[in-house]
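Each remark here refers to the structure printed beneath this line.
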Amino acid sequence: MGPPGGGHAGHHPDTRHPARRRRGQRAVRADVAATGLWITPARALVVNFTDATSVGAMHLIASKSLAGTKTSVADFNTPDVRLVVMAGTSQEGIAARTFPKATLVKVQADADPLAPVLEGKAHGVLVTTPSPQLVVRQAPDRLVQPLEQPLQVTRSAMAVRKGDADFLNFLNSWLTFHHEGGWLDERKRHWLGTDWLTGM
């Protein structure tokens, strides 16, 4: 399991950014996509997913100076609030449904979505991460997690080619063995905790 990173959960119809849609298509040309793909109906049409390997969620990360006193969805659902989302992803759809009155700042896939918040140009940003605390820790004097609950929860898994049932069974057996043995939980605590940040 690698360091925690972002990901985007798609919904049918698939509205994710084309670059992220292609991740599922590229998995077909490999034996296994082991980095963890969000499980979506659209991707399941082209690959077979293993049992879930991790659970991630979409969180709102806010500017401490602009939105430090806001603690509810209603507080952010006003026309004067600017929220950053990745254009063409499920973030945009979730933000539009959850904060219909807010102003959405749409950035492209190659942009840093946290930058407008850190620079004081936006009140918050939607981030898909298994650990929002790690995002806040990047700049604890400028960032805050205002909502205790995530806006959306999605599972990810490894993916294999269609028709390779034996390999899929092997991977699921591997996951079960290492879950029961505690190795996967230990790796998860290592990467999603704070020990690995010490000294950085």
Side-chain angles (χ1 to χ4, degrees), residues 3-25 36-44 52 54-156 192 194 197 200:
H8 298 279
H11 298 276
H12 189 72
D14 195 353
T15 59
R16 290 164 295 127
H17 191 279
R20 284 163 175 78
R21 244 187 344 256
R22 287 194 292 270
R23 287 191 67 196
Q25 296 167 353
L37 293 170
W38 296 111
I39 300 173
T40 71
R43 285 176 173 170
S54 65
V55 178
M58 190 179 299
H59 292 270
L60 177 65
I61 303 298
S63 163
K64 184 175 288 189
S65 61
L66 296 182
T69 61
K70 299 181 184 296
T71 58
S72 69
V73 169
D75 290 339
F76 286 89
N77 189 30
T78 59
D80 61 306
V81 169
R82 293 168 56 85
L83 299 177
V84 181
V85 297
M86 300 293 287
T89 70
S90 59
Q91 288 182 356
E92 188 176 340
I94 292 294
R97 290 194 297 272
T98 309
F99 310 102
K101 297 179 181 178
T103 301
L104 301 187
V105 180
K106 303 173 186 179
V107 298
Q108 298 303 314
D110 57 350
D112 178 6
L114 274 176
V117 180
L118 292 172
E119 295 167 2
K121 298 177 181 178
H123 294 76
V125 56
L126 272 67
V127 176
T128 303
T129 173
S131 181
Q133 295 84 1
L134 292 183
V135 180
V136 173
R137 181 162 175 158
Q138 294 182 40
D141 57 327
R142 289 180 287 172
L143 298 175
V144 64
Q145 181 188 347
L147 307 179
E148 183 177 344
Q149 297 299 320
L151 302 175
Q152 182 192 47
V153 176
T154 309
R155 296 179 183 274
S156 65
L192 302 185
T194 57
L197 286 171
M200 290 185 66

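Positions are given from 1, in the same order as the sequence printed here. The analysis underlying the following values was restricted to heavy atoms, covering all of them including side chains, and did not include hydrogens, waters or symmetry mates. Since we're looking at a predicted model, the values are computed, not measured.
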Keeping the roles fixed (side chain from Gln152, backbone from Met58), state whether a donor-acceptor pair exists under 3.5 Å.
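No.
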
Tabulate below the donor-acceptor pairs under 3.5 Å that side-chain atoms of residues 60-67 make, not counting sequence neighbours, or state none.
| unit_1 | atom_1 | unit_2 | atom_2 | d |
| --- | --- | --- | --- | --- |
| Ser63 | OG | Ser65 | N | 3.4 |
| Ser63 | OG | Ser65 | OG | 3.1 |
| Ser63 | OG | Leu66 | N | 3.1 |
| Lys64 | NZ | Pro140 | O | 2.7 |

Got a list of side-chain donor-acceptor pairs under 3.5 Å for residues 117-126, not counting sequence neighbours?
| unit_1 | atom_1 | unit_2 | atom_2 | d |
| --- | --- | --- | --- | --- |
| Glu119 | OE1 | Lys121 | NZ | 3.4 |
| His123 | ND1 | Arg82 | N | 3.1 |

Quick one: salt bridge (Lys or Arg N to Asp or Glu O under 4.0 Å) pairs with a partner in [range], sequence neighbours left out?
| range | value |
| --- | --- |
| residues 123-132 | none |
| residues 139-149 | none |
| residues 83-93 | Glu92-Lys106 |

Would you compute the distance between atom CD of Gln91 and atom OG1 of Thr128 and round it to the nearest 0.5 angstrom?
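If we round to the nearest 0.5 Å, Gln91:CD and Thr128:OG1 are 4.5 Å apart.
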
Hey, what do you get for CG (Leu37) to CZ (Arg43), rounding to the nearest 0.5 Å?
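Rounded to the nearest 0.5 Å, the CG-CZ separation comes out at 5.0 Å.
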
Using atom types as modelled, flag every donor-acceptor pair under 3.5 Å from a side chain in residues 73-81 to any protein atom, sequence neighbours excluded.
| unit_1 | atom_1 | unit_2 | atom_2 | d |
| --- | --- | --- | --- | --- |
| Asp75 | OD1 | Ser72 | OG | 3.4 |
| Asp75 | OD2 | Thr71 | N | 2.9 |
| Asp75 | OD2 | Ser72 | N | 3.3 |
| Asp75 | OD2 | Ser72 | OG | 3.2 |
| Asn77 | OD1 | Lys101 | N | 2.8 |
| Thr78 | OG1 | Asp80 | OD1 | 2.6 |

Who pairs with Gln133 by side chain to side chain donor-acceptor pair (under 3.5 Å), at least two apart in sequence or on another chain?
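Side chain to side chain donor-acceptor pair (under 3.5 Å) check on Gln133 returns Ser131.
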
Residue pair Thr154 / Ile39: nearest heavy atoms and the distance that separates them:
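Nearest heavy atoms, Thr154 then Ile39: CG2-O, 4.4 Å.
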
